[in-house]
Amino acid sequence: MEHKLYIYNTLSRKKELFVSIHENKVGMYVCGPTVYGDAHLGHARPAITFDVVFRYLLHLGYKVRYVRNITDVGHLENDADSGEDKIAKKARLDELEPMEVVQYYTNRYHKAMEALNVLPPSIEPHASGHIMEQIDFVQKILDAGFAYESQGSVYFDVEKYNQSNHYGKLSGRNIEDMLESTRDLEGQSEKRRSVDFALWKKASPEHIMRWKSPWSEGFPGWHLECSAMGTKYLGEQFDIHGGGMDLMFPHHECEIAQNKAGLGKDSVKYWMHNNMITIGGQKMGKSLGNFITLEEFFSGNHALLTHPFSPMTVRFFILQAHYRSTVDFSSAALEASEKGLSRLMEGYARLQKLVPSSKSTIDISDLRAKCEKAMCDDFNTPIVISHLFNALPLIATIYLEFQMISEEDLNELISVFKLYLVDLLGLRTENETSNGLEAYKKAIDLLLNLRLEAKRNKDWTTSDKIRNKLTALGFEIKDTKDGFEWKI
RNA sequence: GGUACUUUGGCCGAGUGGCUAGGCGCCGGUCUGCAAAACCGUAUACGGCGGUUCGAAUCCGCCAAGUACCUCCA
């Protein structure tokens, strides 16, 4: 592969040249959502971040197998090894079968992702559909001597693992300190050490989601699904594992330990973590209750939002920051993105209508290379966007006929915009979803204002004609004291 | 308390030793019957204190503030 793509690897905390394990092929695993609630802005970040990674790797010519899981079992409240399963809790509260909850929110997740123009992954496996694989994985770890059974549950023996490996190497933790500080608290737990984590949990009598295993009727530990499904679909070693920074510890740390213990080798070559979206400087998260769902953004139905924001605005907003930086949400910031995106899209539309001349009086030769350089520098989408913005004045001056562009240069410029703006950043040109609706509303307002004008001139023929025609089309027109109202 | 990260102009947000990031907003201008849009242009910055260097927003140290994860507590 001829490219100089550098990816920041959380393991080394450095940008590393990307070299795939298998020539021309890339395996990528990204942690997907736990489907017990509507997707919020925080869920959009990894989806969009790794969508761009996916798109760029495809563009470079790789055959990419992109696996993004659906967590529908085993993720406990408070991410601890005790407490009620999140899905089961939601099911109990809503009086639904757990799988109804899963299906409902999975459908809604897919709908939101489609609106954001996030490409579907190659495989989207469910944890509940891979119980056998997870049981096998537990057995492997037990056979290797890195786990122990306790009252029907199976726990990973972190202390033993750490004697020959470094538990904590991803998140930079020193497990000896943790062992020291937690040793006193043992006693009531089935676990030998509080740092140990569950591979398999015996189900309590009221627990609905349960499967048979050699140890008990129960369910798999949360961290296990990624080890089992990643291995199943991408092999024992694969290129990229992605997810949010909040999953680094314990989730990904545990996954590394499980794979090393069960398979005898490290599975992942490049670990990538996107940063959080903040609101008022604080992480936007389910547990904090400060989240805004994607649907609320699209509908504008939230106290912090001044109006609806199109999915493309949300996507653009996220891409205007580098994925490893936090992004602070505010309605003002989103409005700024909305306007910026609109200008960019208008520029692209205008570009496609330019008339070429015999020669160019401008130089666009380095734009493609600049964009490519930015993408290769750990997917620096804000820089790509700034380069595209820099091309807008050129387009404007050609449009206003102050400058000329040759057919060759015009085709190149269109090609670069198409590639980066549409294909790689994934910004759709036609915003018929909510922008179209907005334009349509404005068109009706326009008509009614014409009618208002006619009324003021006592031109009743025109006034009545507009009202009657619109009424015939299904609109309800109401005159008010000094204006109008309408609805369908 | 531990680990990691962050601190850039009115707001958002790149950059990593000397060369304009970019967006939104502001202000000025072109255009227009007026306005909007569009276009052109100007201004504003690198948390604090030291150090390294010819030169630091960029490297090093200390301090301050903040965030995340963990731990502790409840």
Side-chain angles (χ1 to χ4, degrees), chain A residues 8 10-13 15 42 45 78-80 158 166-185 193-195 197 243-254 271 273-285 287-288 290 306 313 316-347 349-350 353 367 370-371 373-375 377-403 439 442 445-446 449:
Chain A
Y8 182 88
T10 310
L11 266 178
S12 64
R13 305 199 178 267
K15 287 178 195 171
R45 187 116 200 241
N78 304 320
D79 297 346
V158 171
H166 178 195
Y167 178 83
K169 68 177 179 177
L170 185 70
S171 53
R173 263 155 235 268
N174 183 353
I175 209 64
E176 273 108 29
D177 295 345
M178 292 167 73
L179 287 168
E180 280 303 318
S181 61
T182 55
R183 201 158 288 182
D184 303 336
L185 304 160
R193 303 263 178 264
S194 63
V195 288
F197 56 90
M245 256 180 201
D246 53 347
L247 298 178
M248 235 159 77
F249 189 91
H251 186 54
H252 291 157
E253 208 70 78
C254 294
W271 280 94
H273 292 94
N274 64 275
N275 214 320
M276 301 292 102
I277 288 183
T278 59
I279 178 163
Q282 208 178 27
K283 173 190 169 185
M284 183 182 282
S287 51
L288 289 164
N290 60 353
T306 51
T313 298
F316 187 66
F317 172 70
I318 286 173
L319 292 175
Q320 265 188 306
H322 187 260
Y323 76 92
R324 282 189 287 110
S325 300
T326 55
V327 177
D328 198 51
F329 159 80
S330 69
S331 205
L334 212 51
E335 279 165 39
S337 292
E338 184 175 51
K339 286 178 188 167
L341 175 63
S342 163
R343 259 189 71 217
L344 203 52
M345 285 310 187
E346 277 163 25
R350 185 178 274 185
K353 289 178 198 152
L367 183 63
K370 280 178 173 171
C371 290
K373 193 180 165 204
M375 280 302 274
D377 185 14
D378 196 29
F379 308 98
N380 201 328
T381 55
I383 294 292
V384 172
I385 289 168
S386 81
H387 289 320
L388 295 177
F389 268 115
N390 281 333
L392 292 186
L394 288 179
I395 293 170
T397 53
I398 297 162
Y399 176 75
L400 296 169
E401 300 182 340
F402 294 133
Q403 299 284 355
K442 282 177 181 165
D445 287 346
L446 178 70
N449 277 313

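Treat the numbers as computed from the prediction; the structure is a model and nothing was measured.
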**Student:** Looking only at atom C1', what distance separates C49(B) and C54(B), rounded to whole Å?
**Tutor:** 23 Å
**Student:** When Watson-Crick pairs (N1 to N3 and N6-O4 or O6-N4) and G-U wobble pairs (N1-O2 and O6-N3) count only below 3.5 Å on both distances, what is the dot-bracket string of RNA chain B, with | for other-strand pairs?
**Tutor:** (((((((..(((.....[...)))..((((.......)))).....(((((..]....))))))))))))....
**Student:** Quick one: side chain to side chain contact (heavy atoms under 4.5 Å, CB included) partners of S325(A), sequence neighbours excluded?
**Tutor:** H322(A)
**Student:** For residues 386-393 of chain A, run the donor-acceptor check on the side chains, cut-off 3.5 Å, and write out each pair with its distance to 0.1 Å, sequence neighbours left out.
**Tutor:**
from: S386(A); atom 1: OG; to: I383(A); atom 2: O; distance (Å): 2.9
from: N390(A); atom 1: ND2; to: S386(A); atom 2: O; distance (Å): 3.3

**Student:** Check ring pair (Phe, Tyr, Trp, His ring centres under 6.0 Å) between F329(A) and all other residues, then give those that pass, not counting sequence neighbours.
**Tutor:** F297(A)
**Student:** Taking only the P atom of each, what is the distance from C39(B) to U44(B) in whole angstrom?
**Tutor:** 24 Å
**Student:** Under 3.5 Å, which N/O atoms of the protein pair with N/O atoms of nucleotides 25-30 of chain B?
**Tutor:**
from: G25(B); atom 1: OP1; to: K339(A); atom 2: NZ; distance (Å): 3.3

**Student:** Please identify each residue that fulfils side chain to side chain contact (heavy atoms under 4.5 Å, CB included) with K339(A), with sequence neighbours left out.
**Tutor:** none
**Student:** Report yes if a side-chain nitrogen or oxygen of K370(A) is closer than 4.0 Å to either non-bridging phosphate oxygen (OP1 or OP2) of A21(B); otherwise report no.
**Tutor:** no
**Student:** Taking only the C1' atom of each, what is the distance from G13(B) to G28(B) in whole angstrom?
**Tutor:** 26 Å
**Student:** Expressed in whole Å, how much space separates the C1' atoms belonging to A56(B) and U8(B)?
**Tutor:** 14 Å
**Student:** How would you list, by chain and number, every residue that makes a salt bridge (charged side-chain N to carboxylate O under 4.0 Å, His left out) with K373(A), sequence neighbours excluded?
**Tutor:**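 Not a single residue meets the salt bridge (charged side-chain N to carboxylate O under 4.0 Å, His left out) criterion with K373(A).
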**Student:** When rounded to the nearest Å, what value does the distance between P atoms of C46(B) and C19(B) take?
**Tutor:**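 Going atom to atom, P in each nucleotide, I get 15 Å.
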**Student:** For R324(A), enumerate each residue passing the salt bridge (charged side-chain N to carboxylate O under 4.0 Å, His left out) test, keeping only those at least two apart in sequence or located in another chain.
**Tutor:** D378(A)
**Student:** When you compare C60(B) with U16(B), how far apart are their C1' atoms, in angstrom units rounded to a whole number?
**Tutor:** 14 Å
**Student:** What pairs of nitrogen or oxygen atoms, one from the protein and one from nucleotides 37-46 of chain B, lie under 3.5 Å apart?
**Tutor:**
from: A38(B); atom 1: O2'; to: R350(A); atom 2: NH2; distance (Å): 3.2

**Student:** Sequence neighbours left out, cut at 3.5 Å: what donor-acceptor pairs do the side chains of residues 277-284 of chain A make with other protein atoms?
**Tutor:**
from: T278(A); atom 1: OG1; to: V327(A); atom 2: O; distance (Å): 3.2
from: T278(A); atom 1: OG1; to: D328(A); atom 2: OD1; distance (Å): 2.6
from: K283(A); atom 1: NZ; to: D246(A); atom 2: OD2; distance (Å): 3.1

**Student:** With rounding to the closest Å, how many angstrom separate the P atoms on A14(B) and U7(B)?
**Tutor:** 9 Å
**Student:** For F249(A) and C69(B), what is the distance between atoms CZ and P respectively, to the nearest whole Å?
**Tutor:** 12 Å
**Student:** Using a 4.0 Å heavy-atom cut-off, does E335(A) contact any base of the nucleic acid, only the sugar-phosphate backbone, or nothing at all?
**Tutor:** nothing
**Student:** Run the salt bridge (charged side-chain N to carboxylate O under 4.0 Å, His left out) test against K15(A) and tell me which residues pass, sequence neighbours left out.
**Tutor:**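 K15(A): salt bridge (charged side-chain N to carboxylate O under 4.0 Å, His left out) contacts with D377(A).
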**Student:** Give each protein N/O atom lying under 3.5 Å from an N/O atom of nucleotides 9-14 of chain B, with the pair distance.
**Tutor:**
from: G13(B); atom 1: OP1; to: D328(A); atom 2: N; distance (Å): 2.8
from: A14(B); atom 1: OP1; to: H322(A); atom 2: N; distance (Å): 2.6
from: A14(B); atom 1: OP1; to: S325(A); atom 2: OG; distance (Å): 2.9
from: A14(B); atom 1: O3'; to: N380(A); atom 2: ND2; distance (Å): 3.4

**Student:** Can you tell me, in whole Å, how much space there is between the P of C5(B) and that of G61(B)?
**Tutor:**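 It works out to 12 Å between them.
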